[in-house]
Amino acid sequence: MMIYVIFGFVAIGMIFSFVRLLKGPSALDRVVSLDTMNVIITGTIVLLAMLFENVLYLDIAIVYGVLAFLETIIIAKYMEAKV
Amino acid sequence: MKRIVSILLVVVLGYFVYTSLYVDGFDMAVSDNRQTSISDAYITKSVTSENESVTYMESTDLENGSANIVTAIVTDYRSFDTLGEVTVLFLASIGVSMVLAGFTKKYQFKMKTNRILKTGARLVVGLALVLGVYMFTHGHLSPGGGFPGGSIIGASILMMYLSEENFRARMASFKWMESLAGTVYVLIGIIGLFVATYFLENFLPTGTVGALVSAGIIPIVYILIGLKVGSEVSGIIDQFLTEEVAS
Amino acid sequence: MIQIAGLILILIGLYGLITKRNIIKMIIALNVLEIGLNLFIVSVGYVQDGIAPILTEVNNSSGLIFVDPLPQALVLTAIVIGMGTTALSLAFARKIYATHQTFDLNEMGVEE
Amino acid sequence: MTITMIVVGLMALSLVTYVVSKMSKGLGSVLTILGPLVALLFFLLEGSGIASGSSIGILQFGATKLGWFFSVTMLIVYGCVAFFNPYWMKKLVHPSAYNMLYILSLAGTIGMFFAVDFIVLFIFLEIAVFASMFIIPFGKSRNAAVVYFAMSTFGSFAFLYAIFMMYGKFGSFDISFVLGQLATEPTTAIWVIILMGIAAFVKLGIFPFHIWLPMAHGNAPDTFSPILSGGLVKIGAFIAIMVVAIAPTYEVLKNSYEVMGLPILIYIVLIIAAISMVVGTLMAIKQDDAKKLIAYSSVANAGYIIVGIALNDQLSLSGAMMHIFAHAIASAAAFLSIGAVSYRTGTTKISELGGMIQKMPITYTVYLISIISMAGIPPMAGFISKWLLFQSLASHGLMFIGAAAFFGSVGSFLYVFRPLSGLFLGQLKPQHNHVKEAPIFMVVPMVILSGISLFFGVLPNGLLNFIGKIQVELGVEGITTVDTAIMGNNGLLDPTLVFINFGLGFVKAFIIFMSLSKSRKVGLMDTYTAAEFVYDPNVYHYAKSYYAPIERLYEKHPDIVALYKGLVQRVVDLGRLLQFIFFKTKPGTTALFIVLTIILVLWGEKIW
Amino acid sequence: MSIVGTILITLGALFFALGGLGLLRMPDVFNRIQAGTKATTLGAFSITLGVGFVNPSWFPKLILLIVLIAITNPIGSSALARAAYVRKEKVYAGTTGDFDADFAPEKEGEA
Amino acid sequence: MRKFISTFIVLWGVWLLISGFAINEVILGGVVAIILAIILNQYFGFEMSVLFPVQAIKFIFIYVPLFIYKLVVANIQVAVIVLNPKLPIKPGFVRVRTAIESDLGKLTLANSITLTPGTLSIDIRDDEILVHWIKVEEEKTGKISLDFEKILGGIFK
Amino acid sequence: MSQPILLIAIPLGLAFLSIILKKIKVPLLVLGLLFSSMLVFFIEKKSYIIGGFKPPFGINLVVDDYNLYFIIIVNVLFLVLVLANLSAVKPMATVLLVASAGLNGLLLTGDLFNLFVFIEIASIAAFILLTMDKQFLKVFHYIIIGTLASSLYLLGIVILYAQYGTLNMADMSGLIDGGSITPTIAYLLIFAGLAVEVKLLPFNGWVKGVLETASAFTGPLIGSLYAGVMLVVFGRVFGGVLNLSGTMVTSLTIIGVITLLAGEFMAFQSKHLRQVWLNSSIAQSGLAVILFLQGLHHVAVLVIVANIISKFVLYLVSGKIAAVIGHDKIADLKGIFMNKKALGIAFTITSLSLIGLPLFFGFFVKINILIALFQSSNMWIPALVLIAALIESAYVIRLLVTMWQVGEEGEKPETIEKPTFSLKVGFVTCAISIILGLMLLVSGVYPDLVINQSVKAGNVLSVNDEIQVFTMEGGLE
Ligand code: NA
Ligand code: NA
């Protein structure tokens with residue numbers, strides 16, 4: 001039961017972010033929403049690890065976290081350079 | 001107009017593909033027959049012998065001692081594919097450096113360093129490097145392996161480039177690593193051919209499934225791949241972050 | 001479901017390839033297509049109630065129902081190969097940009 | 001000596017010739033004389049019963065009288081023409097290659113005439129074609145070779161397709177076996193006949209496949225035009241005989257619709273042959289280049305040959321074969337004489353020449369004899385063959401064809417007279433004052449050929465008797481001769497008698513000419529018009545626009561060449577279009593094509 | 001123990017939802033970064049911690065993950081905010097202070 | 001050398017957190033950490049004093065709880081704003097001075113600012129931090145970082 | 001140790017090594033290729049297991065009558081090509097080693113997915129090698145389409161995997177022949193993927209840009225060796241593994257026929273030497289594909305062999321000409337062979353073989369194509385094949401006449417000055433061209449060995465006892 005509530009919240013967060021991704025209006029707004037979504041996804045992977053009782057998902061979450069960070073700063077750098 | 005036509009075409013194609021895959025008798029959902037096929041033998045590690053069942057941290061001296069079955073396939077059952085895959089990346093890195101041969105000056109973003117980022121990135125780089133090495137040394141036990149591990153190493157190099165204006169990776173040492181890792185991979189294959197019977201044969205004892213030291217040559221191969229991929233990705237990144245110098 | 005999503009991504013990629021005249025966008029379209037393809041491949045290995053094909057302390061026996069590991073291995077290879085081609089094509093794109101000062105084929109005076 | 005040895009020997013000789021020519025052009029060109037002459041010697045010594053020899057792999061030959069006849073004709077032409085080769089060594093761009101290809105084309109023709117299996121026949125046919133094709137651009141035109149080869153290949157491929165249709169039905173390439181079976185498969189047979197007929201037409205230069213002939217013959221090196229016209233086009237006649245006489249064509253066509261008592265297909269062939277005669281004649285009349293003129297005359301003469309073969313009866317077939325021989329010899333000689341003039345003057349254009357009779361009387365005589373033979377005037381061999389053909393036409397009541405043939409004969413007077421008067425008679429041009437008679441080794445073969453024309457015009461029966469035997473071999477009643485006379489349908493022809501009559505008349509005329517010789521020769525530069533000195537007398541050279549009034553009658557004739565050019569242009573356009581569509585693209589377009597193709601194929605799957 | 005876990009996880013998920021909402025509602029990019037980053041970071045912490053309570057043996061890895069998030073998320077947000085600042089992105093009408101040349105990140109060659 | 005050792009310790013620690021503390025892993029992690037530390041030594045600027053354990057304890061037991069507390073408060077604040085239909089905000093850019101000199105210290109401070117009530121660090125320049133504030137209260141500008149500054153000043157220099 | 005895996009492993013190992021042993025790159029390359037070219041003569045025909053896992057569980061290499069001769073031809077020609085361009089290969093030594101491994105992998109592998117990997121290796125190597133010609137935009141087209149193609153191929157085999165649970169060719173073939181639902185779409189996707197590589201219309205938009213500017217090095221490599229290998233692969237997949245039937249055969253054959261005809265039409269109007277050969281290559285690919293689809297594998301093999309050798313010489317010579325003259329516009333190449341006759345003769349022999357004249361190998365190819373087509377009761381295809389051959393004959397002869405003769409139309413050559421420039425082409429190139437030309441000549445007079453081998457090769461894909469071929473020795477067998 002609880003799991004539905006949890007995933008319901010996660011889904012709401014995800015959907016709202018996604019709406020922002022679609023709406024923009026500026027490119028940076030979309031990037032911000034991507035960044036937010038990445039955090040949500042990282043959290044979701046952790047949730048899945050618990051759900052599937054598989055510690056290996058945490059490795060994935062860590063790697064995802066690192067890569068998401070990289071993505072964010074690359075885009076930020078790019079945006080910054082492209083005034 | 002062109003867009004509408006294109007959309008129409010793609011939709012028609014989609015429709016045809018959909019019907020031939022899911023409607024006209026040929027059913028992509030049929031997955032049961034697969035379990036009786038190749039993969040089944042991979043999972044039970046009974047390609048060369050008949051294993052009833054394999055148990056974590058119990059079964060020993062299997063044909064393939066990797067707890068991660070995907071890794072078993074990638075670096076053992078179909079290790080030849082992986083050698084090819086490594087070669088593709090190798091080629092790509094050579095290709096990038098040849099195409100961008102005139103691009104030698106470091107690319108500078110117009111902005112000065114972000115100090116928050118600069119300091120933060122160092123922390124993350126250290127973490128990421130450990131993570132990368134962890135991944136390719138544990139490929140036979142956990143998800144990941146040489147490719148993601150190597151990519152993370154490459155990613156940390158990228159992070160250094162992004163955060164520090166004066167950073168240049170030492171490409172020469174990366175070249176050495178890349179070259180040696182590749183050569184050793186091939187050599188391991190050939191050793192298999194000569195010492196044992198087949199190319200890329202897993203000629204080391206495979207130990208106990210799930211142990212850190214197990215699975216014969218698999219972790220070795222994955223370490224090689226990790227180093228190779230890491231150095232290649234780094235090389236590619238280095239190439240991309242340089243700009244053309246008028247000669 | 002994932003299969004259909006994969007197919008749709010492939011189609012979107014195709015659409016992009018057909019309509020885009022900017023070489024970076026073409027590379028992106030190709031990548032979308034490849035992502036769709038990879039999704040499709042992974043989905044082919046899906047098995048009802050299957051678990052990730054890794055033996056752990058919890059899932060400790062090969063007698064359990066695993067998803068098909070082979071497509072995952074194939075996807076790994078496909079991803080890396082795709083990464084290689086993408087890197088190479090981006091390098092080409094940069095080189096082309098250096099010569100033509102644009103990424104757009106129409107602006108390069110390429111004969112239609 | 002066996003046929004196999006001769007054929008293989010000639011092929012080997014062609015290589016040897018190349019090597020020798022590389023060391024000494026002269027020695028190589030002598031080999032081109034010796035090769036055909038030695039081969040001819042063997043054929044004559046062994047007679048038509050020459051042994052075929054053991055086979056080498058698929059190379060298997062069978063001795064036939066028909067093959068012997070064609071081979072000997074060919075060897076006479078090749079042997080005589082070869083005497084010119086040494087003189088041309090310096091003029092040719094690739095002399096060694098010329099010598100090699102000369103022998104190779106000969107080997108090709110001989111091999112083809114004796115082949116027992118279609119593939120071997122085809123192999124040698126193609127060898128003859130491509131060997132000769134490479135010689136043509138050594139002359140004046142590069143395009144001629146391409147046109148020749150393309151048309152010839154068109155014919156060859158039609159032939160090849162026919163061969164394989166038969167192979168598909170009967171599972172064999174054996175000529176006599178396969179052709180013997182044809183009657184059992186009438187549908188296939190008709191296709192085979194049509195396709196092989198096209199091949200014959202193309203090789204022989206029958207309308208509308210004649211356009212390559214003036215181009216190739218007219219532009220080939222002067223030493224090779226005689227080979228093309230005298231020798232190689234006769235390959236077409238050989239194929240035609242194969243279609244009509246060896247294949248059971250009349251049996252296959254016996255149920256078909258008939259016109260004038262002949263199967264419609266045969267009648268159509270006759271019509272086409274008649275058109276050839278007319279077109280060839282008309283075009284020949286308007287040529288300024290002597291070589292092109294003879295080439296067009298070959299088109300007309302091919303019409304006669306086809307008529308004879310198509311009717312396939314006692315008189316017509318013997319007439320056709322006689323004509324093959326007579327025309328081969330005569331046109332070779334005619335081309336040689338023009339070649340000799342060209343050797344001395346460097347041109348073959350009638351309007352650039354004139355008065356050559358004064359400088360090259362023997363050459364003139366050779367030319368005269370040849371054109372008399374080609375025009376079918378007694379007492380030359382060409383007369384015999386035409387007489388036989390007219391006899392056959394008359395007996396079939398084919399008046400329309402007969403009329404065409406008659407037109408051709410009359411027209412031939414016009415076209416042979418043009419070079420005669422323009423080139424040999426008329427005023428000598430000042431720049432040709434120093435010209436001498438052709439060298440002796442060029443004169444000898446020309447005289448030999450003329451002698452042959454004359455000899456078989458006077459005493460044809462030795463040859464006709466042999467032709468009769470060939471006819472029997474082909475399953476047609478043989479031509480019959482009585483002493484020196486030939487049996488026709490409505491009477492006897494005694495060529496010897498005719499010759500004596502003509503001879504007497506000629507003597508009379510000569511005496512009159514000599515006794516009444518009061519005319520004064522006027523130099524070309526000694527010309528005034530309206531009391532004004534003509535500074536460019538060439539304009540008023542009477543060989544210029546020789547037949548202008550007649551030509552004006554068909555000035556705006558439809559041009560078949562334009563049709564072909566149009567066809568080629570369509571191929572080019574289509575190629576360009578395709579290239580434009582598929583290659584002037586961006587990656588996106590290619591992707592679009594890929595998607596489209598997949599859709600179409602899948603759609604096809606759904607529909608069927 | 002797992003009750004604590006569940007509560008933490010639920011709260012975390014709730015923060016995710018709030019973060020999304022903030023992202024959606026906030027009027028300009030700086031405020032969106034504020035709302036989105038903070039809420040989701042806390043959400044991720046909360047969930048990770050909650051999972052740790054459910055599976056105590058996973059704690060080492062989870063701590064690592066938390067540290068990672070704690071370092072990377074604010075840095076990422078800062079980087080994005082800096083980009084927005086440099087680009088002089090549109091700001092909410094009532095924003096005080098401005099794109100201060102004095103504090104604009106230096107251009108190359110200026111420093 | 002000090003740089004090297006501190007790098008090595010951090011890397012080894014990270015490894016052990018990921019892999020667990022089995023003997024094999026400890027050994028392998030040690031080897032990996034040594035190699036990586038050698039490689040990274042030249043790039044890694046931070047170093048630790050001999051008092052590292054003390055610093056670490058301070059950091060964990062004083063800084064972290066404060067940080068978590070502030071974080072929770074911050075989020076509740078944001079939640080309140082977001083859930084309020086009127087969206088009561090008064091954003092602005094302000095500058096915050098800091099006395100902390102070490103890069104790592106500044107980073108931690110900036111990160112803390114970002115994750116705490118209503119503020120977002122944009123950039124650091126010398127001794128100033130540029131901050132975006134969601135609800136500007138002029139008089140409190142100086143206090144934004146005060147608590148953290150104190151603690152972090154005790155840990156970093 | 002006649003292990004075919006060494007044909008892949010040794011070049012790969014050397015390629016990796018050559019990165020650090022920069023100074024001896026070229027010796028390493030030559031050494032590796034020399035080793036391969038010698039090894040090929042000692043390889044036994046059988047299936048070779050990799051990693052100790054018997055197929056279908058592991059990847060295996062297959063050496064059989066179908067690919068053995070191609071392995072020999074390709075490896076030897078590869079070495080020859082490198083020797084002929086030794087001065088140009090230095091920067092590409094590493095990539096060439098990989099390309100050699102890639103081509104061998106394509107020929108050897110018995111696994112569909114492994115084939116995908118080798119397609120990628122070979123294509124990427126090709127992309128990089130083509131940068132030698134500095135046509136980045138055109139190669140980019142090739143990259144995009146090539147990658148799309150391999151993706152389609154991959155999608156196809158994944159669908160087949162979903163259906164049959166195997167990736168091994170022999171295993172797959174057995175299961176398909178065992179009768180099951182035919183996944184049409186998979187076949188079509190695989191076809192589309194390979195069609196790009198074998199240059200079928202309309203999948204071949206990349207070809208022109210890449211090959212019309214190809215050098216004496218990239219031309220033979222891409223236009224001859226790559227093209228040949230890709231066709232061999234096509235035959236392996238469509239002749240040996242998949243079992244096409246019905247409408248699909250017709251549809252795909254139509255594509256082949258269109259390719260054949262369109263290729264010849266385009267070649268006919270081409271004004272540049274290399275453009276002619278690339279269009280001709282397209283046509284020949286169409287022909288080979290038609291034959292494979294019609295199940296006439298043995299003649300398809302003949303077509304491929306003839307095409308590899310003739311295109312090798314033609315691209316080599318054309319590339320050298322373009323390098324010396326600076327362009328390859330046919331109209332400006334009048335009499336170019338007059339001062340380089342040996343090269344001209346080799347070129348001529350090769351061209352004549354290409355258009356199937358007797359005395360040259362191409363003739364027997366043509367005759368056997370017709371025999372095979374008529375034996376399978378085809379009427380239209382041979383007619384179209386002959387039409388294509390007719391067009392081909394016309395442009396090839398036109399080309400040869402131009403290149404041997406000086407002077408304008410209507411001029412007598414003897415009066416024209418011979419060209420004074422000399423076609424400076426190295427001895428090695430001449431020697432190679434002549435040797436290959438002689439091979440075409442010898443096998444044109446005695447083709448039996450090659451033809452009998454091709455029958456054996458065809459029988460590997462699908463056994464057909466009814467095959468009749470025309471050879472010099474035996475006539476019809
Ligand atoms: Na791909
Ligand atoms: Na099969």
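Throughout, a chain's letter reflects where its sequence line sits, starting with A, and its residues are numbered from 1. Scope of the values below: all heavy atoms of this structure, side chains included, with no hydrogens, waters or symmetry mates.
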For chain G, which residues from residues 9-20 of chain C have at least one heavy atom closer than 4.5 Å to it?
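Contacts with chain G: Ile10(C), Leu14(C), Leu17(C).
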
If you tally heavy-atom pairs under 4.5 Å between each of Leu148(G), Ile121(G), Thr131(G), Ile128(G) and chain C, the highest tally belongs to Leu148(G)

message: Which atoms of Leu33(C) are under 4.5 Å from chain G, going by heavy atoms: the side chain, the backbone, both sets, or neither?
response: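 For Leu33(C), the side chain is the part near chain G, not the backbone.
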
Would you mind checking which part of Ile41(C) comes under 4.5 Å of any heavy atom in chain G, side chain (CB onward), backbone (N, CA, C, O), both or neither?
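Ile41(C) touches chain G through backbone and side-chain heavy atoms alike.
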
Of the backbone (N, CA, C, O) and the side chain (C-beta and beyond), which part of [X] lies under 4.5 Å from a heavy atom of chain C, both, or neither?
X         : value
Phe113(G) : side chain
Ser123(G) : neither
Leu167(G) : side chain

Might you point out which heavy atoms bring [X] and [Y] nearest each other, and give the distance in Å?
X         : Y         : answer
Tyr161(G) : Pro71(C)  : CE2-CG, 3.9 Å
Ser151(G) : Leu37(C)  : O-CD2, 3.5 Å
Phe92(C)  : Phe127(G) : CZ-O, 3.9 Å

Distance check, rounded to the nearest 0.5 Å: [X] atom [atom1] versus [Y] atom [atom2]?
X         : Y         : atom1 : atom2 : answer
Ile145(G) : Met26(C)  : CD1   : CE    : 7.0 Å
Leu105(C) : Leu137(G) : CG    : CG    : 6.0 Å
Ile124(G) : Ile81(C)  : CD1   : CD1   : 7.0 Å
Asn114(G) : Thr77(C)  : CG    : OG1   : 9.5 Å
Thr147(G) : Asn31(C)  : OG1   : CG    : 9.5 Å

(Q) Ile27(C) vs Phe140(G), test: side-chain contact (heavy atoms from CB on, under 4.5 Å). Steps then yes/no. (A) CA-CA 10 Å; Ile27(C) 296 172; Phe140(G) 183 77; 3.9 Å; yes

key: Side-chain heavy atoms of Leu74(C) within contact of Phe116(G), under 4.5 Å   =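 SC-SC contact between Leu74(C) and Phe116(G) ruled out.
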
Notebook entry, point to check: Counting only heavy atoms not in Lys54(G), do more than 12 fall under 6.0 Å of its NZ?
Noted result: yes

